[in-house]
Amino acid sequence: MLTIKKKIAAALAEGIKALGAPEALSQEELALMLEYPPDDTMGDLALPCFKLSRTLRRAPVQIASALCECLQGLDCVEHAEAVNGYLNITVSNAYLLSDVMGEIFEKNTRYGGSDVGKGKTVVLDYSSPNVAKPFHIGHLGTTVIGHSLKKLHEFAGYDCVGINYLGDWGTQFGKLIVAYKKWGNKEMIEQGGIDKLVELYVMINNAISGNEEKGIPADPALGDEARAEFHKLELGDEENLALWRWFIEISLEEYQKTYKQLGIEFDSYKGESFYTDKMPAQVQKLRDMGLLKIDDGASIVDLADYNMPPCLILKRDGSTLYPTRDIAAAVYRKNEYNFDKAIYVTSAGQSLHFAQWFKVVEMMGYPWYGELVHVPYGTVSINGAKLATRTGNVVLLKDLFKAAIEEVAGIMEQKNPDLENKDEIAEAVGVGAIVFYYLSNSRIKDINFVMEDALNFDGNTGPYVQYTYARTCSVLRRAGEQTGEMKITDKDEAALLKVLAKFPERVQAAIADYEPSVITRYILDVAAAFNRFYHNCPILSAEDESVRATRVAITRAANIVLGNAFPLICLKTMEKI
Ligand code: ARG
């Protein structure tokens, strides 16, 4: 409704002029003041006049009725009415048919998008699993929220760089090398892939720290061995380097399968290891600026003035830490991409880490510190059970997907046994169900996964909206060419077009709040409005040529909007289910 808001705001600005206060509010401000009333008996848009009362020195009721006058005769307005200090506005059918539908067809695959980001670059750091540790459902958030934010920004015209900042460096590789040399061999990893690597990683952790439950005694000497192997790796030992590269390759192959299921591709896989030689310069800069303090042998940046614990830069033995690497990576990315915004998507558990090193970047005098954005999200549990890490008792993302895909395949076998490309569709629906369920929630809220709810074909789920999209395709396939003058004859036609008109605003809101769930919920609004229209308004069986043509056109408009919205939340569109 952006275009109509502008038109109405222009007329209102004239009205305000007539009330003797031409400077009181700009058209833009007025457009922003237009609200969507809670229910449609109050019209489609409303202007609350209370805020205007002081500047215009009149009672809200008076303002509402005066402004109501100036909307008479606007062809986009069907009806305007002043009620208790509100100006309620009903959009005209002529506007819905010509402007809303016209814009959808004209912009087509770009409808909902914009060029507000033109010429600007956004770098997004997301997914970023730690190699050799399990890629578990805790990573679902960073992976799908991150990718949604990338798609949303692209849709708004930004140049986007998706970075998978792989956790491909650190003492875990020392552990893995020890475990491999002790218990592993080439064939075993070649066959077992990442699962075997994770198994080895769990075994070595249990062996180092002990595991009472399993009756494994602690063997700290193994920890020393692991540190020694990692040190060799750091010094460039050929054998360890080869193993390290191999472990990463195997892990990446596995991640790619998951990314492919989600339709995700990255522009860069520069992981933590890439920044090893980029850190000393930043550490030196900190030292030169007098920002480093020695605390119990470690080098820190004191953040007491900002009510935060110190940011750790170097351990006692001089080795670097997580924040050190993030600072070096940010500087590198600024130089490499000259970003206007750098977004980091991680669990809320890392919020302090980001607040700390963002502050350090500011203290270092980098003028772009304000362009760094941390986007946190809540925890995930499955059927009420919290996730344990390290002990190996985790739910892997691929297993969650697999379970959903199998479940869907079973349901489809019953519902539609003759469907072509069954496997492909079961995968898209199963994975889509998980993603949709996950992204239905505000990202910061903790979420409990209930598989049954996610897969319910009749609930507000991924399968339901994918099915709705397929339904629009089926109507359009059968419709062929339709001609006739457009006319709206049913309130459900108008109601659907009004929902479709809101898409561009929802995209902007999702970007402003870094909140993909805005799109998920919007998709549900479209699906609900389309299904109401579909059930109440015969489309192809409508007798009147004009009615038929209009309903097919409305279906096409809904098809375009859903088709544009799905990829914004990693959901695949399928013409048949
Ligand atoms: N690898 C980290 C983890 O799994 C996430 C990395 C997030 N990105 C960053 N630049 N720190 O916890």
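Bear in mind that the values here come from a model prediction, so they are computed numbers and not experimental data. Every number for a ligand or one of its atoms is a count from 1 in the order of the listing. Values below: all heavy atoms of this structure, side chains included; hydrogens, waters and symmetry mates excluded.
Salt bridge annotation for D317-R227: absent, with no cationic side-chain nitrogen under 4.0 angstrom from a carboxylate oxygen.
Distance OH/Y366 to NZ/K334: 12.0 Å, rounded to 0.5 Å.
Classification of the F173-W244 ring pair by plane angle, with boundaries at 30° and 60°, yields perpendicular. The aromatic rings of Y180 and W246 sit perpendicular, their planes meeting at an angle over 60°, well past the 30° parallel limit.
Protein residues with any heavy atom under 4.0 Å from ligand 1: D125, S128, N130, H139, Y165, Y322, D326, Y344, T346, Q350, F354.
Relative to the ring axis of Y165, R333 places its NZ or CZ within 45° and under 6.0 Å from the centre.
A centroid separation of 6.0 Å or more is found between the aromatic rings of W357 and Y369.
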